[in-house]
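Just so it is clear, the values below take in all heavy atoms, side chains as well, and ignore hydrogens, waters and symmetry mates. Numbers restart at 1 for each chain; the letters A, B, ... are given by sequence-line order, proteins then strands. Keep in mind that what you see is a predicted model, and the values were worked out from it rather than measured.
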Number of protein chains: 2
Amino acid sequence: MTKIDDVARLAGVSTATVSRALRGLPTVSAATRRRVLAAAEQLQYAVSPNASRLAGGRTATVAVVVPWITRWFFGTVVEAVEDTLHESGYDLLLYNLGGRERLRKRVLRPSSLNKRVDGVMLVATHLRPAELSALAALDLPGVTISSGSEVPGWPCVRIDDMAAARTATRHLLDLGHRRIAHLSGDPDELAFTTHRNRRRGYQEALREAGIVPSPSLDLETQFTIDGGSRATAELLARGEPPTAIFAACDEMAMGAMRALRDAGLRVPQDVSVIGIDDHDLSGVLGLSTVSQPAAEQGRLAARILLDPLRGRALPAPVRRAVPGQLGRRPADPASEPVILPTRLVVRDSTAPPRPD
Amino acid sequence: MTKIDDVARLAGVSTATVSRALRGLPTVSAATRRRVLAAAEQLQYAVSPNASRLAGGRTATVAVVVPWITRWFFGTVVEAVEDTLHESGYDLLLYNLGGRERLRKRVLRPSSLNKRVDGVMLVATHLRPAELSALAALDLPGVTISSGSEVPGWPCVRIDDMAAARTATRHLLDLGHRRIAHLSGDPDELAFTTHRNRRRGYQEALREAGIVPSPSLDLETQFTIDGGSRATAELLARGEPPTAIFAACDEMAMGAMRALRDAGLRVPQDVSVIGIDDHDLSGVLGLSTVSQPAAEQGRLAARILLDPLRGRALPAPVRRAVPGQLGRRPADPASEPVILPTRLVVRDSTAPPRPD
DNA sequence: CTGAAAGCGCTTACAG
DNA sequence: CTGAAAGCGCTTACAG
């Protein structure tokens, strides 16, 4: 395969100049740059990423850690992140935990990330104290998405989970419901803070309406269709079913709809159902929900992560020359999470309770 | 960060020996290996992938090209592939085309893949002749998933699309349907051979039942929920609706269900609907379908791809020593595609037509 | 079984 | 603006 020496020879310059010209560094004359580009084009030259990264000391790779990839939220986030990273010439190294403890250890062992990536994105991945300090020791830039996966010093992009849950619950209250069940996440799963915040939003909305939250209407299960389905089946088995169900995510809400249907109950005539997400298929199912901007969270987090990386790539003098620009940023960009808005989407799965 | 020299010093051996011991090469004494492993553990040493790859001449990375990542089939395939690759120490470099022509050019420009990956997996990505020859020139091992993305000399894992379509159509015929519409894929999208084969299966099944396929019941649209929805709306607008719809994939079938409901038609009482896939949510929707093993196709394709890669990593003498083992494989593993089975799953979206 | 030395293909000070 | 040379951190023949 053609290498940088070949291009240098054909262009009649040194390899150092080829390197500079190809990377668009300003310290190359226009004429030289043209010759180098032409030579590279003619030889179909492409830089060897490994050599470049080894010599340059940057990997041009970002690790993205997700608990799952096939669930709607995470798939959508990864798609948006990948898009943004590729645009900037960064590779995406995907770590899909998938509930695998072994992989988790590998990923979060500091030395495995070190030398391998320039930055880390944690999506709804809660770190234990030991993992947290190990990661901090790496001194890598990072960003998190979703509550519960915060890392001190790292920016965080998320929605306001409590507010989203309150919006969903209030919608049911406004329709006249009083017996409202909640399907929450498994406390061992994902960044459980997300579940907890959504539950708190649910409980607060109830209390504001003068209703005491009932433990018997509050179930913990997996953040999946099957989880929602199982929990709903259990709820129905307890007798005296609720008139409405607020599920902590749309996939659980879909499971609830299935379980209700299997039990011969109609949605929304017998039981109303609402979730959070605005999953692709929620429209098909007529599921009312509180939508969250998954792709936008991914894009934004990727940009926030790339920003300091670009800085690192620049020659130090250039950065030092414009200290004023740095000052325009907030003193500590990680201090405040970036909260993206959510929105109530009313479809066919919510209606007033039957008068009886 | 600790490097190989540090480990060598601590263990009292050369870097070459450290390298060999850590990679598990057989030419290291047990005692030495123990000492090296202990030293590496103590120093929390992790090899620098870039240095290792540059020196070793292998990237330990596989390129996976998918047209989308958020659609069920592709997400499921990627999850399974990533799992298999990680187990073998390979990284997954994800190329999500997402309809982006620019990215497509970058990925399929040979020099960009070269030096960057050891192997290529194409998922439902149809190559044009120029791309095909460019890729062949790289002489990289590869594998494809899905029909329509075949590359000469590369193994292919897929289902029998015609057979799956016939199964779905026959199910409708067996129920007594005669006016059966088909929602097919956009000919410009994905590996269009998939759509074409499914359409042929549909047409053949009709003909075997003595029905002449009607162009007015055969629509082309996108392989998405919205595509299925739009096509169905158009179908209904033409008047004299079919009594059943066979959609080329479950997501289109879901869109069809939505459009039917929006038009005031009930599924299956007024119109039956069936798809292909067995999407996660098909159970929730009660959608009848012909299931295909997406994860298994991904796992199998990954294994097939890794097999020759492992061979390349081995020292040549070891391979030569056991020529008999090579002979046990089919002479040309790429000559015959690996066909995985599909299965009819009857749920609530298909029923006999109304007697009228 | 082990080591010394060359080399993988780039980038980066340094000097001019 | 450009080049000569060192170096990034490994692996691989080669020799013993």
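Between Gly298(A) and Ile145(A), the shortest heavy-atom distance links the atoms CA-CD1, 3.9 Å. Closest approach of Cys156(B) to Ser146(B), counting heavy atoms only: SG-O, 3.8 Å.
No donor-acceptor pair closer than 3.5 Å links the side chain of Ser52(B) to the backbone N or O of Asn50(B). Between the side chain of Gln297(A) and the backbone N or O of Ala295(A), no donor-acceptor pair lies under 3.5 Å. Counting only distance, with no hydrogens or angles, the side chain of Arg35(A) and the backbone of Ala11(A) share a donor-acceptor pair below 3.5 Å.
Ser88(A) is linked by a side-chain hydrogen bond (donor to acceptor under 3.5 Å, both in side chains) to Arg310(A), counting only residues two or more places apart in sequence or in another chain. Under the side-chain hydrogen bond (donor to acceptor under 3.5 Å, both in side chains) criterion, Thr15(A) pairs with no residue, sequence neighbours left out. Here Thr84(A) pairs with nothing under the side-chain hydrogen bond (donor to acceptor under 3.5 Å, both in side chains) rule; sequence neighbours left out. Listed by chain and number, the residues in a salt bridge (Lys or Arg N to Asp or Glu O under 4.0 Å) with Arg303(A) amount to none (sequence neighbours excluded). With sequence neighbours excluded, no residue forms a side-chain hydrogen bond (donor to acceptor under 3.5 Å, both in side chains) with Ser133(B). In this structure Arg158(B) satisfies the salt bridge (Lys or Arg N to Asp or Glu O under 4.0 Å) test with no other residue, sequence neighbours excluded.
Each salt bridge (charged side-chain N to carboxylate O under 4.0 Å, His left out) pair with one or both residues in residues 5-14 of chain A, not counting sequence neighbours, appears once here: Asp6(A)-Arg9(A).
Secondary-structure annotation of DNA chain C gives the stems C:1-3 with D:14-16, C:5-12 with D:5-12, C:14-16 with D:1-3, with a stem taken as at least 3 successive Watson-Crick or G-U pairs whose two distances both fall under 3.5 Å.
Within the 4.0 angstrom heavy-atom criterion, only backbone atoms of the sugar-phosphate kind lie near Pro26(A); the bases stay farther away.
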Please enumerate all protein N or O atoms sitting under 3.5 Å from an N or O of nucleotides 8-10 of chain D, with distances to 0.1 Å.
from    : atom 1 : to        : atom 2 : distance (Å)
dC8(D)  : O2     : Ala55(A)  : N      : 3.3
dG9(D)  : OP2    : Lys3(B)   : NZ     : 2.7
dG9(D)  : N2     : Ala51(B)  : O      : 3.4
dC10(D) : OP1    : Lys115(A) : NZ     : 3.3
dC10(D) : OP1    : Tyr45(B)  : OH     : 3.0
dC10(D) : OP2    : Ile4(B)   : N      : 2.8
dC10(D) : O5'    : Tyr45(B)  : OH     : 2.9

Find every protein N or O atom lying less than 3.5 Å from an N or O atom of nucleotides 13-16 of chain D, and list the pairs.
from    : atom 1 : to       : atom 2 : distance (Å)
dA13(D) : N6     : Arg20(B) : NH2    : 3.0

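Within residues 28-39 of chain A, no residue places a heavy atom under 4.0 Å from DNA chain C.
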Report, one line per pair, each donor and acceptor closer than 3.5 Å where one atom sits in a side chain of residues 16-27 of chain A; sequence neighbours left out.
from     : atom 1 : to       : atom 2 : distance (Å)
Thr17(A) : OG1    : Ser14(A) : OG     : 3.3
Ser19(A) : OG     : Arg23(A) : NE     : 3.3
Ser19(A) : OG     : Arg23(A) : NH2    : 2.9
Arg23(A) : NE     : Ser19(A) : O      : 3.2

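Remark: Thr17(B) is in phosphate contact with dG3(C), judged by side-chain N or O atoms under 4.0 Å from OP1 or OP2.
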